[in-house]
**Student:** 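My questions all concern the structure below.
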There are 2 protein chains.
Amino acid sequence: MEIKEIFNNYLKNGTLKITTPRVKILKFIKFTKEHFDADDIYNNLKENQQKISLASIYRTLALFLKNGVIRIVTHAGRKAKYEFVKDNPHHDHMICIKCGKIIEFKNDDIEYMQKKVCEKYNFILKEHNMELRGLCKNCYKKRKK
Amino acid sequence: MEIKEIFNNYLKNGTLKITTPRVKILKFIKFTKEHFDADDIYNNLKENQQKISLASIYRTLALFLKNGVIRIVTHAGRKAKYEFVKDNPHHDHMICIKCGKIIEFKNDDIEYMQKKVCEKYNFILKEHNMELRGLCKNCYKKRKK
DNA sequence: ACCTTAATTGAGAATAATTTTCAATTTCAA
DNA sequence: TTGAAATTGAAAATTATTCTCAATTAAGGT
Ligand SMILES: [Mn+2]
Ligand SMILES: [Mn+2]
Ligand SMILES: [Zn+2]
Ligand SMILES: [Zn+2]
């Protein structure tokens, strides 16, 4: 089964256990297309009579994050949003300040220039995040009226 | 005096008052070279027998932010960090994940490409933030040993 | 200088997100 | 099947920020 694979591939720390809460959370994370936060997991599981304590959700998110199962999308609004990593390569986000819509994109020229500018400063680039905030097509049209 | 100028230039809302707390905070913000958060202001003023309530600091930061006196540097780590705007045009940040050092930089090619990619998505870009995380020169050297 | 009053402040309570504590439960290797 | 080590849930604790409200203060008119 694939869930077990993920545990073996990403969480191969000698003492880690494959527990029910971890499996449930991983399943949720794996099948959601959207970005999610701790409450999203909590509420979804609760709705499906699979309730898990928030504490365990936060603990599991930290574990998954450390092991590269998920990554942080944004921390703005002082609430952390995550996304699943597998089959979802790095990209950046445009965020509509009116409706909250998120557009995912990737621009290789920008990625390349980021590396270049880091070289110039003798900075070893490990990761980055870039958020472009503004108005999506729809909201811009509405606002013009 | 220059403090009053800033109030007149940035905070010219009919009913706003130039109060002692606001002046103290503005002075701190103006003379600090570093990025700062609410606690930095609180602690610095307290050390100088100029104590102001945290509530007022948060209120003033919100006011300054809305009026373009300061801007948000990052919200990561769930604590908002700001910087003074005047004589400090837009730039982005490299952040050392080892020692926390922050390198400020600006790359016009990247800025240009950001606009371009937004056009492609019919997205009206208002602002952005970009954080490059990795190892600064010093920390990289140390780590190699 | 003195009034008036709307704006602002400080203290502390309230909220939101996340983390910690700890006794009870579960996993898994032997 | 057993038992130690890891993990969990519930509740308390922490952190960052916002709100409430009575007391104070800035600033325009007199
Ligand atoms: Mn995404
Ligand atoms: Mn800066
Ligand atoms: Zn929108
Ligand atoms: Zn460093």
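Per chain, numbering begins at 1; letters A, B, ... match sequence-line order.
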**Student:** State the NZ-NE2 distance between B:Lys81 and B:His93, to the nearest 0.5 angstrom.
**Tutor:** 11.5 Å
**Student:** Is the ring pair A:Phe105/B:Tyr121 parallel, tilted or perpendicular, if the boundaries are 30 and 60 degrees?
**Tutor:** tilted
**Student:** Please determine whether the number of non-hydrogen atoms from other residues, nucleotides or ligands lying under 6.0 Å from atom NZ of B:Lys101 exceeds 12.
**Tutor:** no
**Student:** Treating B:Thr32 as the side-chain partner and B:Glu34 as the backbone partner, does any N or O pair qualify as donor plus acceptor under 3.5 Å?
**Tutor:** no
**Student:** What is the separation between atom NZ on B:Lys79 and atom C1' on C:dT19, rounded to the nearest whole Å?
**Tutor:** 16 Å
**Student:** Round to the nearest Å and state the distance from A:Leu16 atom CG to C:dC28 atom P.
**Tutor:** 10 Å
**Student:** Identify whether any heavy atom of A:Lys17 sits under 4.0 Å from a base atom; if not, whether one sits that close to sugar-phosphate; answer base, sugar-phosphate or nothing.
**Tutor:** base
**Student:** Shoot me the first and last contacting nucleotide of DNA chain D against chain B, ordered 5' to 3', at under 4.0 angstrom to non-hydrogen atoms.
**Tutor:** D:dA16 to D:dA27
**Student:** Could you state the atom-to-atom distance from CZ of B:Phe7 to P of C:dT8 in whole Å?
**Tutor:** 10 Å
**Student:** Is it the case that atom NZ in B:Lys106 sees more than 12 heavy atoms from other parts of the structure closer than 6.0 Å?
**Tutor:** yes
**Student:** B:Ser56 or A:Arg59: which one's nearest nucleotide on DNA chain C is closer to the 5' end?
**Tutor:** B:Ser56
**Student:** Do NZ/NE/NH1/NH2 and the carboxylate oxygens of B:Lys79 and B:Asp39 come within less than 4.0 Å?
**Tutor:** yes
**Student:** Do the side-chain N or O atoms of A:Tyr58 get closer than 4.0 angstrom to the phosphate oxygens (OP1, OP2) of C:dT19?
**Tutor:** no
**Student:** Report the distance from atom CG of A:Leu54 to atom P of C:dA16, rounded to the nearest whole Å.
**Tutor:** 14 Å
**Student:** Atom CD1 of B:Ile57 to atom P of C:dA11: distance rounded to whole Å?
**Tutor:** 12 Å
**Student:** Rounded to the nearest angstrom, tell me the gap between atom CD1 in A:Ile41 and atom P in C:dT18.
**Tutor:** 11 Å
**Student:** Closest-nucleotide mapping onto DNA chain D: is A:Thr19 or B:Ala62 further toward the 5' terminus? I mean the 5' end.
**Tutor:** A:Thr19
**Student:** Can you confirm whether B:Lys98 is buried at NZ, in the sense that more than 12 heavy atoms of other residues, nucleotides or ligands lie under 6.0 Å from that atom?
**Tutor:** no
**Student:** Measuring to OP1 and OP2 of C:dA16, would you say a side-chain N or O of A:Arg78 lies under 4.0 angstrom away?
**Tutor:** no
**Student:** Grab the CD1-C1' distance between B:Ile25 and C:dT8 for me, whole Å please.
**Tutor:** 12 Å
**Student:** Find the distance B:Tyr42:OH to C:dG10:P and express it as a whole number of Å.
**Tutor:** 10 Å
